[in-house]
Amino acid sequence: MKRVKATAIITILFLLTSLLSVQQPVEAKAGVRLSVKNKTVTVGKSFKLKIKNADKKATYKVSKKGIVKLIKKKKHSVTVKGLKKGTVKITVKVGKKKLTCKVKVLAKKKPKKPGSDKSNAPPAPFALNLETSTTESQKESPTEPATEPQTELPTEPQTEPTTEEPPTASEQPETPSENEGNLTYAGSVSQEMCKASYWIAKSTNPDKVLLSESEIKKLNQDILDTPNTNMYDLANMDTTFNAVSLRNSLAQMSTPSGCNFANGVQMPDKEAYYEAIRKNIMDADASESDTIRYALCVKRANHKSWPTSDCIGNSASDTDDELQSSAVVVNEPVVVKLITADGKFSYAVSSNCTGWVETECLAFCASKEEWLEAWQSEGEDFLVVTTDKITLEPSYIESATSKVELSLGCRLNLVPKSEMPDSIGERGTWNNYVVYLPTRDEKGNYVKKPALISQHYSVSIGYLPLTERSLLNVAFSCLGNRYGWGGMMESMDCSLYTRSIYRCCGLELPRNTTWQTAIPTQNYDVSAMSRTEKKELLDQMPAGTLLMFNGHIMMYIGQDHGNYYVISDLGTVYDEENTSDSLKNIYSVVINTLDVRRGATAPDGSRTWLSHLIWFICPWAVK
């Protein structure tokens, strides 16, 4: 019996000893790792790289010589010192395990010279005397085909965006090249240039407010009062008008040239197609003393010169709807003057365009006061979409707000806390912005409903401050998005893109490129300038300056190694000089230098965009 007990005791002690001996080695061998995988340092600075949970001596290997130096090597750590600008990979081997740390070394920042801080100085172009570089043609807008659209009306910019700003170029770790995948870029464009932070870091004062809230509000009114901008003051529009005269005028429009393909298929009888549309207009109810109707857009809609939902082209492969004039976005106000006989289309006036909108995309307000309340709030009572687009979450219960797409620059009233519901449909409100969304009942009447916008989206409470940082961050949120003529396919063309960027700051630009050159700010006719003179002027311009030649407008983002870079929603382009001479179909928001080319030749014999530029537009430079 004693022998059995002794055996049992020995067995238990053996098991306990085994368990205790197993615990520590397992913990030590598992999870061997580096203290950091990516690190950015300045030349002359150092950091300690530690190897955690290692039980063997580590060895180190550097991918490139001369960029960093490994000093104070120990069994499980090493000090890394930056020697010169560049990027290297440090490989650490512990037994059979290999670990890597990517190190980016930045050049030392040069100390500012006394008196170099220009934060309180006016924008540089005001100090220029350009009289010898310009001509009388400055007083006239250049001619260019009307091609583009826009969005809604503002009030005043807000000084604080709701989302955290991205780190500057010096703070943001570089994305490893192996993660670049198969991305391609225009000539002279690198991966790091495709981040707003790269260009923000180049600005001497990216947070300088270019226009205050009150200045923006005044400028918006001045733009409305300037005839050549073709903007409409909806809030002060005459309430009565002759609808019979309008109807007759619209029904008598001549058949558009070309435009004989509908949805890629040639019309069997073009005249019959357009005659049916004219009859739909002519049979509309109208009187010689009609009253305008106030409406809000409940889903993004096309604004077209003829009331048809077909995509009308000049050929089977035409990618542009030739009847597309503009786009109307959610909660954008419009004034409706006529509805077709079948009720499917409304002749609507937005702040920047007139044309036909599908009636089902509009909700009609009971009064002007109800209409104004939906889009004229100020201060911090509204939210602005500051990213390319937001799609609301789906809902089986709240179908009117399910999957609604909110475009860049869209503004919606916030639900006051006193009116905040505990839940919306099947969802609570935590970690969501709660906004009022315009919806349409079965009779087409306006009904405002609360809706949720996920907290992770880029939005601003009130308008963004009009700064280089704001303009660059918003512009880069659309990088790579497709081009859409006149705003078709729920996309943007070049002038809708520039308009939408500035709209996030509360500034309401006109619809197309020529009209944008007419805004009453200090703009520059550079058509008579040489390439050198244009570059000298660009050197003084902040990021966000709009550059235009006939048919295209773009946003200047900065200069790098003698090249001048822009971002724009681009259709077609030829590559830079001394490269392929084939036309590239881009149809996307892209970055490129002003050395890319057009098919046409500029007066100086060059085909580059720089040579073709005729206007520098400064929306922030109030006269």
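For this chain, numbers begin at 1 and follow the sequence in order. It should be emphasised that the depicted structure is a prediction, and the values quoted were computed from it without experimental measurement.
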(request) Kindly indicate whether the side chain of Tyr232, heavy atoms from C-beta on, has any atom under 4.5 Å from the side chain of Ser350. (result) no
(request) Could you tell me whether the side chain of Asn331 and the main chain of Ala374 form a donor-acceptor pair under 3.5 Å? (result) yes
(message) Taking atom NZ as the centre, does Lys48 end up with more than 12 heavy-atom neighbours from other residues, nucleotides or ligands that are less than 6.0 angstrom away?
(response) no
(request) Check Pro438 against Val298 and note the closest heavy-atom contact, atom names and distance. (result) O-CG1, 3.5 Å
(request) Supply the atom-to-atom distance Asp569 CG to Asp493 CG, rounded to the nearest 0.5 angstrom. (result) 7.0 Å
(message) Tell me if a side-chain donor or acceptor on Arg411 pairs with a main-chain N or O of Gly506 at a distance below 3.5 Å.
(response) no
(request) Identify whether the distance between the nearest side-chain nitrogen and carboxylate oxygen of Glu468 and Lys208 falls below 4.0 Å. (result) no
(message) Please find the pair of heavy atoms, one from Pro542 and one from Thr545, that lie closest to each other, and give the distance.
(response) O-OG1, 2.9 Å
(message) Check whether Tyr396 reaches the backbone of Gly425 with its side chain - one donor and one acceptor, N or O, closer than 3.5 Å.
(response) no
(request) Going by the side-chain contact (heavy atoms from CB on, under 4.5 Å) test, name the single residue among Leu546, Ile617, Leu496, Thr229 that passes it with Leu509. (result) Leu546
(message) Just by distance, no angles: are the side chains of Ser588 and Arg482 close enough, under 3.5 Å, to form a donor-acceptor pair?
(response) no
(message) If you compare all heavy atoms of Asn302 against all heavy atoms of Gly487, which two are closest, and at what distance to 0.1 Å?
(response) OD1-O, 4.0 Å
(request) Take Leu570 and Asn592 through the side-chain contact (heavy atoms from CB on, under 4.5 Å) test and state the conclusion after the steps. (result) CA-CA 10 Å; Leu570 175 63; Asn592 55 264; 4.2 Å; yes
(request) Quick one: list whatever passes ring-ring contact (aromatic ring centres under 6.0 Å, His included) with Tyr436, sequence neighbours left out. (result) none
(message) Under a 3.5 Å distance rule, please check whether Lys304 uses its side chain to pair with a backbone N or O of Thr308 as donor and acceptor.
(response) yes
(message) Using modelled atom types and a 3.5 Å cut-off, is there a donor and acceptor pairing between side-chain atoms of Gln324 and backbone atoms of Ser326?
(response) yes
(request) Tell me, please, which residues at least two apart from Ile397 pass side chain to side chain contact (heavy atoms under 4.5 Å, CB included). (result) Ser395, Glu426
(message) Please give me the minimum heavy-atom distance between Glu380 and Leu414, naming the atom from each residue.
(response) O-CD1, 3.5 Å
(message) Quick check against the 3.5 Å criterion: does Lys45 have a side-chain atom that pairs as donor or acceptor with the backbone of Thr40?
(response) no
(message) Would the distance check show the side chain of Glu215 and the main-chain N or O of Leu211 forming a donor-acceptor pair, the cut-off being under 3.5 Å?
(response) no
(request) Would you name the heavy atoms of Ala327 and Glu332 that are closest together and state the gap between them? (result) O-OE1, 4.1 Å
(request) Please step through side-chain contact (heavy atoms from CB on, under 4.5 Å) for the pair Glu405 and Lys299, ending with a clear verdict. (result) CA-CA 7 Å; Glu405 184 175 291; Lys299 62 180 179 180; over 6 Å; no
(message) I want to check something: taking the side chain as every heavy atom from C-beta on, are Val447 and Asp441 in contact at a cut-off of under 4.5 Å?
(response) yes
(message) Pair Val105, Thr87 - check side-chain contact (heavy atoms from CB on, under 4.5 Å), show working.
(response) CA-CA 6 Å; Val105 182; Thr87 302; over 6 Å; no
(message) Test of understanding: with side chain to side chain contact (heavy atoms under 4.5 Å, CB included), list the residues that count as partners of Thr467, not counting sequence neighbours.
(response) Val209, Pro465, Arg469, Ser470
(message) Going by the rule side chain to side chain contact (heavy atoms under 4.5 Å, CB included), which residues pair with Thr359 if we only count those two or more places apart in sequence or in a different chain?
(response) Ile339, Ser346, Phe364, Arg440
(message) Please check: side-chain N/O of Ser203 versus main-chain N/O of Ala201, any donor-acceptor pairing under 3.5 Å?
(response) no
(message) Tell me the closest heavy-atom pair linking Leu412 and Val330, and the distance in Å.
(response) CD2-CG1, 4.4 Å
(message) Tell me whether His303 contacts the main-chain N or O of Gly486 through its side chain, where contact means a donor paired with an acceptor under 3.5 Å.
(response) no
(request) Before giving the answer on side chain to side chain donor-acceptor pair (under 3.5 Å), spell out for Ser309 and Glu358 the whole-Å C-alpha distance, their side-chain angles and the decisive distance to 0.1 Å. (result) CA-CA 8 Å; Ser309 56; Glu358 290 187 86; 4.9 Å; no
(message) Is the shortest side-chain heavy-atom distance between Leu471 and Ile557 below 4.5 Å?
(response) no
(message) Please tell me whether Trp356 and Tyr347 form a close aromatic pair, meaning their ring centres lie under 6.0 Å apart.
(response) yes
(request) Go through the structure and list residues passing ring-ring contact (aromatic ring centres under 6.0 Å, His included) with Tyr565, not counting sequence neighbours. (result) Trp199
(request) Mark yes when over 12 heavy atoms from residues, nucleotides or ligands other than Lys50 sit less than 6.0 Å from its NZ; otherwise mark no. (result) no
(request) Answer yes or no: is there an ion pair linking Lys344 with Glu360, defined by an N-O contact shorter than 4.0 Å? (result) no
(request) Determine, step by step, whether Lys37 and Lys102 satisfy the side-chain contact (heavy atoms from CB on, under 4.5 Å) criterion, reporting the C-alpha distance in whole Å, the side-chain angles of both residues, the deciding distance to 0.1 Å, and the verdict. (result) CA-CA 6 Å; Lys37 292 183 179 180; Lys102 186 171 182 180; over 6 Å; no
(message) Could you work out, with ring-ring contact (aromatic ring centres under 6.0 Å, His included) as the rule, every residue matching Tyr587, not counting sequence neighbours?
(response) Tyr483
(message) Quick check: do Val459 and Tyr433 have side-chain heavy atoms less than 4.5 Å from each other?
(response) yes
(message) Has Thr42 got a side-chain atom pairing as donor or acceptor with Leu106's backbone, closer than 3.5 angstrom?
(response) no
(request) Please check if any side-chain donor atom of Thr386 sits under 3.5 Å from a side-chain acceptor atom of Ser458, or the reverse. (result) yes
(message) Do Met554 and Cys494 make a side-chain contact, defined as non-hydrogen atoms from C-beta onward lying under 4.5 Å apart?
(response) no
(message) Does either side chain, that of Ser568 or that of His552, offer a donor lying less than 3.5 Å from an acceptor on the other one?
(response) yes
(message) Counting C-beta onward and ignoring hydrogens, is there a side-chain heavy-atom pair between Leu392 and Leu452 closer than 4.5 Å?
(response) no
(request) For residues Leu296 and Val334, determine if any side-chain heavy atom of one lies less than 4.5 Å from a side-chain heavy atom of the other. (result) no
(request) Kindly indicate whether the side chain of Thr319, heavy atoms from C-beta on, has any atom under 4.5 Å from the side chain of Trp485. (result) no
(request) Indicate whether the side chain of Glu398 and that of Thr401 have a donor and an acceptor atom separated by less than 3.5 Å. (result) no
(request) Classify the angle between the aromatic ring planes of Tyr294 and Trp371 as parallel (below 30°), tilted (30 to 60°) or perpendicular (above 60°). (result) tilted
